[in-house]
Structure formats: structure tokens, C-alpha cells
Amino acid sequence: MVSFSPFANALAQLKRAAKILALDNLTLNKLQTPERVLTAKIPVPLDNGTTREFVAYRVQYNDARGPFKGGIRYHPGVTEDEVKALAFWMTMKCAAVGLPLGGGKGGVVVNPKELSAGELERLSRGYVQAFYQHLGPTKDVPAPDVYTNSQIMAWMLDEYEHLVGEHAPGMITGKPLSLGGSLGRATATAQGGVYILQELMAKLERSPKNTTVAIQGFGNAGANAAKLLHQLGYKIVAVSDSQGGVYNEDGIDPRKAEAIKQAGGMLGCYCLGTVCTLEQIKTDGPCRAVSNEELLELAVDVLIPAALENQITAANADRIKAKIILELANGPTTPEADEILNKKGTLVVPDILANAGGVTVSYFEQVQNAMNYYWSEEEVSPKLKKIMVDAFAAVWGAKGKHQVDLRTAAFVLAVERVVEAMRERGESNTKKGR
Ligand code: NAD
């Protein structure tokens with residue numbers, strides 16, 4: 001059955017791994033429900049003198065391996081179902097790459113592009129006021145996600161420290177460097193994904209040269225991946241954001257595309273090399289505007305979804321031509337699409353492995369905050385690389401051992417580790433709940 005519920009999709013992925021591990025029903029049931037779902041209505045005084053309420057969530061999924069960890073998303077499409085799925089995937093991701101952390105996630109139903117900086121700050125402080133008793137360096141540690149950034153993390157940290165009356169930089173990650181952020185965090189999600197792709201390319205005995213790449217989503221994950229891959233010699237032929245995208249068979253320089261976007265243009269304006277309107281974008285020749293749907297179906301070697309969930313579904317999976325899909329977004333591929341892609345022999349590098357670089361450097365940020373001693377970029381990068389390379393090798397090994405696809409292999413490893421921690425904590429963790 002086709003499901004667009006991210007949480008239903010997440011549970012379908014869990015069940016595949018549980019079957020391979022012959023997990024007992026009581027433990028499976030425990031893994032199918034979050035520890036805690038917190039909701040709040042946040043009143044925000046607007047600049048025009050009125051007040052508007054925003055619905056907010058914090059889902060604490062599982063903390064058997066360590067404090068809950070996961071970003072906060074600001075998006076009009078946020079739902080409780082989505083935040084539960086994202087919190088579940090965080091639990092699996094931290095375990096898949098071996099971090100001593102659990103999984104959580106937050107979200108606010110808001111279009112941040114409609115708010116002024118002052119309104120955004122009041123909303124972010126309101127989020128912390130609503131949930132601060134459940135947050136903290138040893139309890140639950142948020143981070144950025146879609147449409148949240150280091151500035152929002154800074155406001156949240158400041159509000160938290162006012163409320164608890166002490167410095168606690170480890171309560172949130174993705175902070176500005178001046179407030180205890182980590183070098184390398186801004187590019188960590190993309191960098192981690194690039195390390196994984198390089199490992200996979202080596203297994204396939206392929207080189208970046210003449211390898212074409214299309215990337216959906218041009219934010220923290222997507223734009224940084226485009227720049228890093230471009231530097232390594234991959235040919236980026238398409239990029240997109242929420243407004244649509246651009247395709248150039250001769251290759252795109254992502255730094256130029258980014259400059260045009262930052263100057264207020266659309267990515268499609270890259271074709272003309274200048275900021276322009278939608279009507280002015282050329283539609284013929286080697287360079288043309290493409291929709292997000294078209295981008296997914298381009299004849300490329302590597303497709304990188306780096307935006308939102310449910311982009312590759314049963315409706316378009318058989319038209320996907322890429323042989324490798326690197327999931328920098330969380331949950332971009334539905335289980336039905338997975339089946340179609342697996343049958344076609346497409347290698348899907350799952351989100352819980354491909355985008356784990358972000359939470360890995362968030363973990364480094366917490367470690368540095370706890371020591372109050374900070375690492376250089378030269379210290380951060382090899383530590384990230386080692387974790388990603390080791391995790392890829394473990395997942396690749398599990399793929400061979402169980403004769404399954406990469407997603408199922410990553411879930412098998414992750415579920416095994418979470419369940420081991422639950423069992424070590426005692427019977428109540430797998431049987432009755434606390
Ligand atoms: P971001 O806010 O920096 O960028 C999001 C990008 O997606 C923007 O370019 C936006 O225009 C684009 N977008 C939004 N709606 C779209 C649509 N309907 N179609 C195409 N593009 C659309 O967010 P981000 O941090 O880059 O997150 C992107 C994905 O990566 C999310 O799934 C997120 O959960 C995942 N992720 C992010 C991190 C991180 O550290 N930032 C870590 C792991 C996973």
C-alpha cells in the first residue's frame with residue numbers, strides 16, 4: 001500500500017530489519033513508539049502589534065544509547081507524524097554510525113520566510129520556553145534542520161541559559177563559533193555524505209571524472225555537497241531549490257549558482273549568468289530550467305535528494321535513471337520506491353548513513369563544549385572521516401552478510417545496537433516501558 005506518512009514509512013523500514021534480526025514482539029513494540037511526544041502552542045507577538053500562535057513539537061524517541069539528539073525544523077508542512085519519523089531516524093542514525101546518542105527531533109509549523117528577524121527570534125525563544133525543562137546537555141540536544149540555522153541556535157541557547165541561570169553550551173549544536181560551535185559543523189552533513197560516496201565509488205571502481213550528479217535542495221546539505229563534489233571533479237549537471245532548478249549538460253559551477261541565488265535570483269538564472277526572472281530563463285541549448293520532479297528523473301550517474309521526504313515514490317521510481325542515490329535528505333525514498341529501485345539494481349545509500357556527518361560533528365561540538373577546549377578544523381575533519389568510512393565498511397559488510405540492500409543493512413546494524421543498549425539497561429526497557 002502506498003504511504004505518504006513518513007512515520008509509517010519509517011516503521012516499514014524498522015520491520016524489515018526486525019525480521020532479519022528475529023526481534024521479539026515486545027522489543028519491536030517498544031521501538032515502534034516514541035518515548036515522549038511534546039506539543040505546544042507558541043504565542044509570538046508580531047511586528048504589526050497582533051499575536052499569532054504557532055504549533056510546535058519535540059519528539060523524544062529513544063535515549064537508550066545517550067541523550068536524545070536531533071534538529072528543529074521550521075516549515076509550514078511540519079506534522080507530528082513527520083517529527084516522529086525524523087526522531088526515529090535520528091535514533092537509528094546515531095546508532096548506525098556508533099555515536100553514544102539517542103534520537104529526537106523538533107518542528108514548528110511556520111513559513112519562516114514570512115517572519116521578520118525579530119519575529120523569528122521571538123518564536124525561537126518561545127520554543128525554548130515551551131520545552132526547556134526537557135532539554136539540556138545530558139537530556140535532549142537540538143540542532144539545525146530545514147530552515148533553521150546557527151543564528152536560531154544562538155537565540156535558543158541564550159534563552160535556555162537565561163532560564164536555567166548558567167552557561168550550558170552543550171544544550172544545542174550547530175551554534176556560531178563565538179558561542180561554542182565546532183569548526184566543520186556547517187559543512188559536516190555534506191562532507192560526511194561525500195566521504196561515503198567516495199567509499200562507494202572506490203568499491204565500484206569508478207572515478208569522479210565524467211560522473212554526473214543532480215542535486216535536489218540547495219541549502220546546507222545540498223549546496224555544500226555540490227561545492228565539495230565539484231571540487232573533487234564530479235560534474236554537477238543539475239541543482240534545484242523550492243522554486244525549481246537548473247540543468248546544464250556542460251556542468252554547473254555551484255559557487256556561481258549560489259552567488260546568483262544569494263543576490264536574490266532563482267537557481268535557473270544560472271543559465272544566463274545573471275539575476276533574472278523566471279520568464280527570462282532560457283529553455284533551450286545546453287542549459288535550461290527544470291522542475292524538481294524533472295530533476296529526479298534526469299539521466300545522471302548520481303542523484304542526491306537534499307530537500308524533503310517522499311520525493312522518490314512508487315509514482316516515479318521506475319523513471320529514475322541514476323544508478324546511485326545518495327540520500328542527504330531524511331526520508332526522501334518511500335519503501336515502495338525502494339522495492340522498485342532495488343529490483344532495478346539502483347544503489348540507494350540510506351539517509352541514516354549518508355547524512356550522518358551532521359550529527360557526528362554535532363557530537364564533536366558537544367564533546368568540545370563539555371571539555372571547554374576547542375579543536376582546529378584539521379582535528380575535526382579526520383575524526384569525521386574515520387567515523388563515516390568505518391560506518392560505510394560496517395554497512396557494506398552487513399549488506400553482504402545478510403544479502404540485503406544498503407538501507408536494510410544499515411537498519412540491521414542500528415537496531416541491533418539500540419536493542420543491545422535497551423537490554424543492558426534491564427528488562428523494563430524492552431518489556432514494560434519505564
Ligand atoms: P536548508 O533549510 O538549509 O535547505 C533546504 C533546501 O531545500 C533549500 O534549498 C530549499 O529551497 C529546498 N527545498 C525546500 N522545499 C523544497 C521542495 N519542495 N523541493 C525542492 N527543494 C526544496 O535545510 P538542510 O539543512 O539542507 O536540510 C535538507 C535535508 O537534509 C532535510 O531533509 C534535512 O532533514 C536533512 N539533513 C540536514 C542536516 C543538517 O545538518 N542541516 C543533517 C542531516 C540531514
Side-chain angles (χ1 to χ4, degrees), residues 6 10 69-78 82-83 85-90 92-94 96-97 99 103 105-108 110-113 142-153 172-175 181-182 184-193 196 214-227 238-246 254 257-258 261-262 265-268 290-296 303-312 326-333 349-365 384 388:
K69 182 86 191 83
I72 300 172
R73 178 173 293 193
Y74 285 3
H75 193 278
V78 163
E82 178 187 52
V83 184
L86 291 165
F88 169 79
W89 285 321
M90 284 306 298
M92 293 297 133
K93 188 182 307 180
C94 292
V97 296
L99 303 179
K105 200 84 183 189
V108 179
V110 59
N111 182 355
K113 294 175 189 170
D145 191 72
V146 173
Y147 297 155
T148 54
N149 55 26
S150 60
Q151 173 62 80
I152 290 173
M153 301 303 107
I172 202 159
T173 60
K175 301 179 289 289
S182 176
R185 176 61 184 89
T187 52
T189 303
Q191 182 64 73
I196 295 286
I215 304 178
Q216 184 198 49
F218 202 69
N220 177 286
N224 282 313
K227 286 185 275 184
V239 292
S240 70
D241 62 14
S242 61
Q243 311 286 307
V246 56
E258 185 174 59
K261 186 175 155 77
Q262 279 170 356
M266 299 176 66
L267 281 172
V290 284
S291 68
N292 268 296
E293 294 72 32
E294 284 173 87
L295 178 139
L296 297 171
L303 173 64
I304 304 186
L308 299 170
E309 303 89 56
N310 290 336
Q311 299 302 302
I312 304 172
L326 183 76
E327 294 185 335
L328 288 188
N330 284 304
T333 312
V349 187
D351 44 10
I352 64 167
L353 174 65
N355 71 31
V359 71
T360 301
V361 178
S362 273
Y363 164 62
F364 296 162
E365 185 173 329
L384 170 63
M388 299 309 293

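Counting starts at 1 for both ligands and their atoms, following the listed order. Remember, it's a predicted structure, so these values are computed and weren't measured experimentally.
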Protein contact to [atom] [nearest heavy atom, distance to 0.1 Å]:
atom                    : value
atom 2 (O) of ligand 1  : Tyr147 N, 2.7 Å
atom 9 (O) of ligand 1  : Phe218 N, 2.9 Å
atom 31 (C) of ligand 1 : Ala307 O, 3.0 Å
atom 23 (O) of ligand 1 : Val146 CA, 3.5 Å
atom 38 (C) of ligand 1 : Thr189 OG1, 3.5 Å
atom 4 (O) of ligand 1  : Gly219 CA, 3.2 Å
atom 12 (C) of ligand 1 : Ser242 N, 3.8 Å
atom 37 (C) of ligand 1 : Asp145 OD1, 4.1 Å

In ligand 1, which numbered atoms sit nearer than 4.0 Å to a non-hydrogen atom of [X]?
X      : result
Asn292 : 19 (N), 20 (C)
Asn330 : 32 (O), 33 (C), 34 (O), 35 (C), 36 (N), 44 (C)
Leu308 : 15 (N)
Asp241 : 9 (O), 11 (O), 20 (C), 21 (N), 22 (C)

Between ligand 1 and Gln311, can you find any atom pair, the residue atom being a heavy atom, that is separated by under 4.0 Å?
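Heavy atoms of Gln311 never come under 4.0 Å of ligand 1.
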Does ligand 1 have an atom that lies less than 4.0 angstrom from a heavy atom of Arg73?
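Within the 4.0 Å threshold, so yes.
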Which value, rounded to the nearest 0.5 Å, describes the distance between Asn111 atom CG and Tyr74 atom OH?
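Taking CG in Asn111 and OH in Tyr74, the distance rounds to 13.0 Å.
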Answer side chain, backbone, both or neither: which part of [X] comes under 4.0 Å from ligand 1, heavy atoms only.
X      : result
Ala188 : neither
Arg185 : side chain
Leu328 : backbone

In plain terms, say whether Lys105 and Asp145 are close enough for a salt bridge, that is, a side-chain N and a carboxylate O under 4.0 Å apart.
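Here Lys105 pairs with Asp145 in a salt bridge, since their nearest N and O are under 4.0 Å apart.
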Could you pull out the closest heavy-atom pair between [X] and [Y], with the gap in Å?
X      : Y      : result
Ala356 : Thr360 : O-OG1, 2.7 Å
Ser242 : Lys113 : OG-NZ, 3.4 Å
Glu309 : Pro6   : OE1-CG, 4.1 Å
Arg73  : Thr148 : C-CG2, 4.4 Å
Gly268 : Val246 : CA-CB, 3.8 Å
Leu328 : Ala354 : CD2-O, 3.6 Å

Non-hydrogen side-chain atoms of Lys227 and Glu258 separated by less than 4.5 Å
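Yes, close enough: below the 4.5 Å cut-off.
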For Glu327 and Val349, what are the C-alpha separation, side-chain angles and deciding distance, and is it a side-chain contact (heavy atoms from CB on, under 4.5 Å)?
CA-CA 6 Å; Glu327 294 185 335; Val349 187; over 6 Å; no
[X] to ligand 1: N or O pair under 3.5 Å?
X      : value
Asn220 : yes
Ala221 : yes
Asn355 : no

Please check if atom CZ in Phe364 has more than 12 non-hydrogen atoms from other residues, nucleotides or ligands closer than 6.0 Å.
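More than 12 within 6.0 Å, yes.
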side-chain contact (heavy atoms from CB on, under 4.5 Å) between Lys93 and Asp351, intermediate numbers included:
CA-CA 8 Å; Lys93 188 182 307 180; Asp351 44 10; 5.6 Å; no
Measure from the side-chain N and O atoms of Gln216 to the backbone N and O of Asp241, and report whether any donor-acceptor pair falls under 3.5 Å.
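Side chain of Gln216 to backbone of Asp241, a donor-acceptor pair under 3.5 Å: no, none is there.
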Select the closest option to atom 28 (C) of ligand 1 among Ala306, Pro112, Ala186, judged by heavy-atom distance.
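It is Ala306 whose heavy atom sits nearest to atom 28 (C) of ligand 1.
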